[in-house]
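Position 1 is the first residue of the sequence; numbering continues from there. Just so it is clear, the values below take in all heavy atoms, side chains as well, and ignore hydrogens, waters and symmetry mates. What you see is a predicted model, and the numbers here were worked out from it, not measured in a lab.
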Amino acid sequence: MVDFKYAFSPAGHAVVSGHTPYVAISDLHSQLAPFVYPPLAAWLFTPFALLPYGVASVIYFLFTIAALWGGLALLGVRDPRCYTIICAWPAVLSYFQNGALEGGMLLLLAIAWR
């Protein structure tokens, strides 16, 4: 969960402590995954900053799975084989590994579609 560990969790901690979630331009070369999202996204990660990292990462991982499955369910995907194929797809495995925001965006787009 590279994005969560190096971008989202530190951004949530920065907002909770009253600092900016963004890295100075001079420090960009030393960051593995700097936070580049809008400020609202940093605010969404503040609840995770209140938890220990291990607990927060497990909860976030479960959220990524639930968001993906919830988005597919809202779009009308009912066949369990589709869920299996989608979860074994290399791009989705990369999404799970990185802990990116695509599942949440899929869920929001599915809600908007409905």
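- Linking ILVMFWY side-chain heavy atoms closer than 4.5 Å, directly or via other members, places Leu72 and Ile65 in a single hydrophobic cluster.
- Closest approach of Thr20 to Ala14, counting heavy atoms only: O-CB, 3.5 Å.
- Here the side chains of Pro34 and Tyr22 are not in contact, with every heavy-atom distance at 4.5 Å or above.
- No single ILVMFWY cluster, assembled from side-chain heavy atoms under 4.5 Å apart, contains both Leu109 and Tyr37.
- A distance-only check finds no donor-acceptor pair linking the side chain of Ser94 to the backbone of Pro90 [under 3.5 Å].
- Environment of OH in Tyr6: sparse, with no more than 12 heavy atoms of neighbouring residues, nucleotides or ligands closer than 6.0 Å.
- Of all heavy-atom pairs between Gly12 and Thr46, the closest is O-CG2, 3.9 Å.
- To the nearest 0.5 angstrom, Phe8 atom CZ is 14.0 Å from His13 atom NE2.
- The minimum heavy-atom distance linking Ala49 with Val16 is given by the pair CB-CG2, 3.9 Å.
- Between Tyr83 and Trp69, the ring planes lie perpendicular to each other; the angle is over 60°, past the 30° to 60° tilted range.
- Leu106 is listed as a side-chain neighbour of Leu75, based on a closest heavy-atom distance under 4.5 Å.
- Cluster annotation: Trp43 and Phe4 are assigned to distinct hydrophobic clusters (Ile/Leu/Val/Met/Phe/Trp/Tyr, side-chain heavy-atom contacts under 4.5 Å, transitive).
- Once rounded to the nearest 0.5 Å, the distance linking CG of Asp79 with CD1 of Ile86 reads 10.0 Å.
- Residues Cys87 and Leu93 come closest through the heavy atom pair O-CD2, 3.2 Å.
- Listed here is the closest heavy atom pair of Cys82 and Val77: CB-CG1, 3.7 Å.
- Nearest heavy atom pair, residue Asp3 against residue Ala100, reads OD2-CB, 3.6 Å.
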Check against ring-ring contact (aromatic ring centres under 6.0 Å, His included), Tyr60 and Phe45: CA-CA 10 Å; Tyr60 182 71; Phe45 287 98; 5.7 Å; yes
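- Phe48 and Val55 end up in the same hydrophobic cluster when Ile, Leu, Val, Met, Phe, Trp and Tyr side chains are linked at under 4.5 Å.
- Not one N or O on the side chain of Ser9 forms a donor-acceptor pair closer than 3.5 Å with the backbone of Lys5.
- Transitive grouping of hydrophobic side chains (ILVMFWY, heavy atoms separated by less than 4.5 Å) brings Phe63 and Phe35 into a common cluster.
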